Amino acid sequence: MMELDAQTLLSISLRTLEVCLTSLCLALALGVPLGIWLGGRPFPGRRVLLGLVNSGMGAPPVVVGLLVAQLFYRSGPLGHLELWYSVQAMIVAQVLIALPLVVALVVAAVASLDPDWQLQVRTLGIPRIWRTWLLLREIRLGLLAAVIASLGGILSEVGAVMQTGGNLEGETRVLTTSILMYTQMGRFESAYALAAVLLGLMLVLAGLLTWVQYGERR
Amino acid sequence: MMELDAQTLLSISLRTLEVCLTSLCLALALGVPLGIWLGGRPFPGRRVLLGLVNSGMGAPPVVVGLLVAQLFYRSGPLGHLELWYSVQAMIVAQVLIALPLVVALVVAAVASLDPDWQLQVRTLGIPRIWRTWLLLREIRLGLLAAVIASLGGILSEVGAVMQTGGNLEGETRVLTTSILMYTQMGRFESAYALAAVLLGLMLVLAGLLTWVQYGERR
Amino acid sequence: SADDRETESLLLATTTSVRDSGLLEVLLPPFFDRTGVEVRTVAVGTGAALRMGAEGNADLLITHAPDPEKQLLASGAISERREIMENFFVIAGPAEDPAEISEALDAVEALRRIQNRKSPFVSRADDSGTHKKEVELMTRAGLDPSVRWPGLTRTGSGMGQSLLVAGQRRAYILSDIGTFLAFRGRVELKALTGPSKDLRNVYSVLLVSPKRFPKVRGREARLLADYLQGETARSIMDRFGVERFGRPLFVPIAVSGVEPEA
Amino acid sequence: MTVALRAHGLELRSYSSDSEFELLVPDLTVHREEVLAILGPNGAGKSTLLRALAGLESPSVGHVQGKSDDRITMVFQRPIAFAGSVLHNVSVALRAQKLPRAIVERRSRDALDHFGIVDLAARSANRLSGGELRRLALARAFALEPAVLLLDEPFDDLDARAQENLSLDLREAVARTGTAVAVVTHDLQRAALVSDRIAVLLDGALRQVGPKSEVLNHPVDFETARLVGMTNLISAELDAQGAAWVLGERSIPTTCRDVPGPVWVGLRPEHLKLDVGRGEGESIGDGRVTAHSSDGVLTTLSLEWAGQKLRTHLVSGRGVAREVSVGNRLALSLRPEDVHVLRRDVDGGL
Amino acid sequence: MTVALRAHGLELRSYSSDSEFELLVPDLTVHREEVLAILGPNGAGKSTLLRALAGLESPSVGHVQGKSDDRITMVFQRPIAFAGSVLHNVSVALRAQKLPRAIVERRSRDALDHFGIVDLAARSANRLSGGELRRLALARAFALEPAVLLLDEPFDDLDARAQENLSLDLREAVARTGTAVAVVTHDLQRAALVSDRIAVLLDGALRQVGPKSEVLNHPVDFETARLVGMTNLISAELDAQGAAWVLGERSIPTTCRDVPGPVWVGLRPEHLKLDVGRGEGESIGDGRVTAHSSDGVLTTLSLEWAGQKLRTHLVSGRGVAREVSVGNRLALSLRPEDVHVLRRDVDGGL
Ligand SMILES: Nc1ncnc2c1ncn2[C@@H]1O[C@H](COP(=O)(O)OP(=O)(O)OP(=O)(O)O)[C@@H](O)[C@H]1O
Ligand SMILES: Nc1ncnc2c1ncn2[C@@H]1O[C@H](COP(=O)(O)OP(=O)(O)OP(=O)(O)O)[C@@H](O)[C@H]1O
Ligand SMILES: [Mg+2]
Ligand SMILES: [Mg+2]
């Protein structure tokens, strides 16, 4: 029943991957362009925005989760979507949590680039899309640091996921929430086993990314 | 009794600052040199170490907290220190959680530096300590991103803090654990109020750091 | 699965201690087999669970805090409160029992002794059902529950966490029996009280009012409540915990305990 | 000649708090089918001007105009490589133009080949030597066949052969595709070699623009004269007959029939001749050799003449250059047409 | 002369997967009180060699030796500024030496002043023009008064005046404090001007080291000859009398009394004279002008002589240089002592 069989473990792990990778992609899709914009040419108000983004990294996930959860609750403004305790709600919360980290790290990467770099690209008449692609290649190291850090954050996050997903068996139960659950049940062995799986997952993902990141240079 | 009076709020906030700033300093003291070392000259095994550090960012705080807590338990190897459910134990856990992030971001910053930079410093006969200081100035942007990100992580962390500190009133209760507590009590308003305080703290700290970070360039 | 929840699924909010015992995981599958209604269980703090009920964010609740439950009933947010099972709280403490509470007549007396001797005591202080019981006992002992004394530790966290703290601090603690048994192996604490009347711990199922909250699935919720009071459920409860702890964790309450609809 | 780019009434203030640099360019045009060299000392604002021409700076006043569909490409003083291979660097700009793959490939390789780095095509662009990187940046710009090509110190880092080739390439691009080229360089001789016109920038202000020979031989003021290599600059008094008197003792013949008064007399070193009796020019008497140095090709003599320091050049290893030594007295001559006269304020000048 | 640095049996393999570069330096010394110029085409390994001399590369075989307490300072091809002010950049290295504050301040300012950037002392070092940055890097290195100074293309980015000054500074440092200087430069004339000895690097291999005049006039092989500016290289047959026959028709007199056979005859352009009847050297007959170009100071003539292309230099604006045009026939002469003879494999050479 509450025993951890292979079947359950697999489905929890898959769900974890699904939620985390989706959130990661969304966070990147939103955060990278934002970071590139904020990290580029200075403009009035940029510093204020940066300060806000940076503060965002300190937003407690439990509260972010709570906010999102209340949004999706039956009584909440988005109650009609019937997304309370759903994977979708979890993803929304995760994206919100990862976003500031992604933006802040992309900003740091873009800002440390040689300022002439952007000018050189422009004067070669390279259109915007290609420019972005070249920029991403250029800030590869910083970008992958951002990806790995936010993946780590998303993967190990529990507070928001608990609030929005509710650890529903077979639906929104992911690795971290089950770890918490087993901890609260006093079944530390199962908790550790799941933690090992989580770390293993991260090891694989981070290992892959690290390979890419530092693969070219030796 | 469980009402949030100003007095309690102040003492919780101060405790939070104490724990977080101490952890941050320790994490930086350990992580920055490590990051500089890993980000510098390539050496055999570096990529493996980097992979591990990167995976470390995915270590679930609850589990890290549990491990640290068990270390300090009466029955644990460090039980004789009598640090179970203490601020010190919390700090240990926080440092462990922040460390991979600090190291990874410092590595990314150092690695994006012009490779000749380090050579130029060496050939000016600048001794090691000064070299490190110059390097830190040079990677200012990346470094401050690392500081802010880990501060955010530490400040908003709850899982490990709960396991090691236990949210003991007047002793180890910090902002995040009280937020969690009020959430579980269903007193969402108090949770939000505390979250606002937490965000305010982060806003001040991150704002200061952002000012420094992007102050020079306009 | 997540897709057909629109048709046949129920959201049940329970306190963590119920979820943590593992009872629901054996109790609910037969209900699904029988009715095709899937029950989605969210474990939260007692306060949070009651609030979910009050705001119509769940279809039914299982809690163990009679007074607030009754208030909620009176407010009309829930339409029915049915007591389904019970067990006992225990006061656990170090085996040496410095306050000699094992010799006390009842729980009230035991608490009085603890406080008089300024013995270490861990209070959950989190508005949970267990904590409410503690406050009730304190008050009955003529003690002021809001008074702090050296040796009192207020954790503001869940039962398991609080038990761990008590274990480390060699303190007394009021705990529900289920969690205590689950953590028995990890904390060096001994149950020092027996099943006395004042330590009774009653679990009720609360049906959230579909009249007040149109989204609530009143029909299915009632089905579940009925099931929980039915033969199958009761026999499951009778057996639950025997294997792991050598005794049942919950005792079903006779159907006569059902209260009329408000 | 068609105008390719025109900077008009340009005022550009420094973009940072701690510097007070200001660039003032009343009017500057870059024409099609010509090479414009931009000369000036370090910090004069040459790179800033070039960036402004490329549209990479936003001037506070004035503007830069060009034909809107003309491609303007700039190669920076510190060439910038994109992460990726050498080939990628060159082809990416072509690919972005949606040219067919085969054409991109061919044009990229041709450009690399032309600049002698086709062997490095697969190499990561971050691991090139200084000169290889410069060649890459140039190849990338030339491959685009832009209408306007702006080059900032393109000869730096290049070896003699590559410099030679680049000079030819510039002339060829101008001749074949009518490209408009602006080259910033600190190498006066190189500028004289490749350019049609020269612009002189000093302290952020455009001092002179004109055909190469005019700027080299008729600089508008003392500082410009120095900058364009007119290193013999003598304070003198012009009389009505066009003779410039130095210390009232000796005179230099000029073709200037201007109002008499204080003047600077300017003479390029190569126009000061050692009079070996072949009767070219007019004699101005003897000078005493005070120093001489050879860079292998050219020997530079410093001579003392009428209390002034004069310089002249000789081809090393021939005749006088071989035998000269400090203290020798040599007869000097010059042609009045080569002498450039600048008015001098009585209390002004250097 | 005392040895300041010595590279012995150095083999340095490329440090990356995609390049196969290898540096081989059997023996190279940098002496105190001398300037060694390192010449070579782009990608020859000059910067790599300099880094090796500075101890910044770990060779796979061999080593670099110097007096252990000698400070070696290097200025990179792409100068690097540290984040902070210009003054900070210069003073930080001095401060790290635990010199008293006042001395640090004075020496820093002196160095900045010397390189003409003392006005920029408070400016952020990341916002300098190319030449200003180069000056900063040089000032930083000179302020340290190192025993060994390694400079990688230090003349790049500098304007004419600053190049002049730097040349003087180098000579002064050598004369006054006995500094050992190694300068990498692609500017042959500059190298000839400042150096005592020249080292030639080609394709990663040290081809020749020796006193400047020896390397310039007696290069060891064809490629070195080309590199050091001996651009007239003619394939000929040497006979027993020392005449080198070109196509069996015309001959060039040499002082070489070696075994007859196929040779390269090398002659620096400045040693090929237009015979204007002053009887210097021996006549070799007429050449026809095929091209001429002037860089303002020097006019370079290309001549066709016996089917060969020969080059010679003239000072612009004087005599022949003023009147010459394509097609003219000019009498050529040279001194046999100036002719350098290199053995040529019958099937070898270029
Ligand atoms: N970081 C690097 N990784 C791998 N190979 C490199 C790196 N830097 C330079 N090389 C290669 O090593 C060779 C020698 O480079 P080096 O920089 O020493 O040349 P150089 O003589 O200084 O040339 P230049 O005149 O262009 O500065 C070149 O073929 C170059 O491509
Ligand atoms: N990023 C910058 N921020 C502020 N001032 C700058 C910046 N770059 C250059 N300057 C200043 O503007 C002036 C002109 O710089 P510019 O780069 O145009 O000079 P330049 O003529 O190209 O000099 P060089 O020959 O040294 O390359 C200089 O005084 C320089 O210090
Ligand atoms: Mg410039
Ligand atoms: Mg180099």
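Below, all heavy atoms of this structure are taken into account, side chains as well, without hydrogens, waters or symmetry copies. Small disclaimer: the values here were computed from a predicted structure and weren't measured. Throughout, a chain's letter reflects where its sequence line sits, starting with A, and its residues are numbered from 1.
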### Query
Does any heavy atom of chain B fall under 4.5 Å from the side chain of C:Leu50, the backbone, both, or neither of them?
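Neither part.
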
### Query
Are more than 12 heavy atoms from other residues, nucleotides or ligands located less than 6.0 Å from atom NZ of C:Lys190?
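Result for NZ/C:Lys190: open.
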
### Message
I'd like to know which of C:Arg186, C:Arg169, C:Met52, C:Glu188 tops the heavy-atom pair count under 4.5 Å against chain B.
### Response
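Max contact count across the listed options: C:Arg169.
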
### Query
Considering only heavy atoms, which portion of B:Thr183 lies under 4.5 Å from any heavy atom of chain C: side chain, backbone, both, or neither?
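For B:Thr183, backbone heavy atoms alone lie under 4.5 Å from chain C.
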
### Task
Please state whether the side chain, the backbone, both or neither of B:Gln163 comes within less than 4.5 Å of a heavy atom of chain C.
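For B:Gln163, heavy atoms of backbone and side chain both lie under 4.5 Å from chain C.
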
### Query
Of the listed residues (B:Trp84, B:Tyr85, B:Phe188), which shares the most heavy-atom pairs with chain C below a 4.5 Å separation?
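Of B:Trp84, B:Tyr85, B:Phe188, B:Tyr85 has the most heavy-atom pairs under 4.5 Å with chain C.
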
### Query
Strictly by modelled atom types, are C:Thr153 and B:Glu169 linked by a side-chain donor-acceptor pair under 3.5 Å?
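There is no such pair (donor and acceptor under 3.5 Å, judged by atom type) between the side chains of C:Thr153 and B:Glu169.
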
### Query
Is a side-chain donor-acceptor pair under 3.5 Å present for C:Arg19 with C:Thr14?
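Side chains of C:Thr14 and C:Arg19: no pair found under 3.5 Å.
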
### Query
How are the rings of C:Tyr203 and C:Phe250 set relative to one another: parallel (under 30°), tilted (30 to 60°) or perpendicular (over 60°)?
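Aromatic pair C:Tyr203/C:Phe250 classed perpendicular.
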
### Task
For the pair C:Arg51 and B:Glu189, find out whether any cationic side-chain nitrogen is under 4.0 Å from an anionic carboxylate oxygen.
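Salt bridge flag = yes for B:Glu189 with C:Arg51.
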
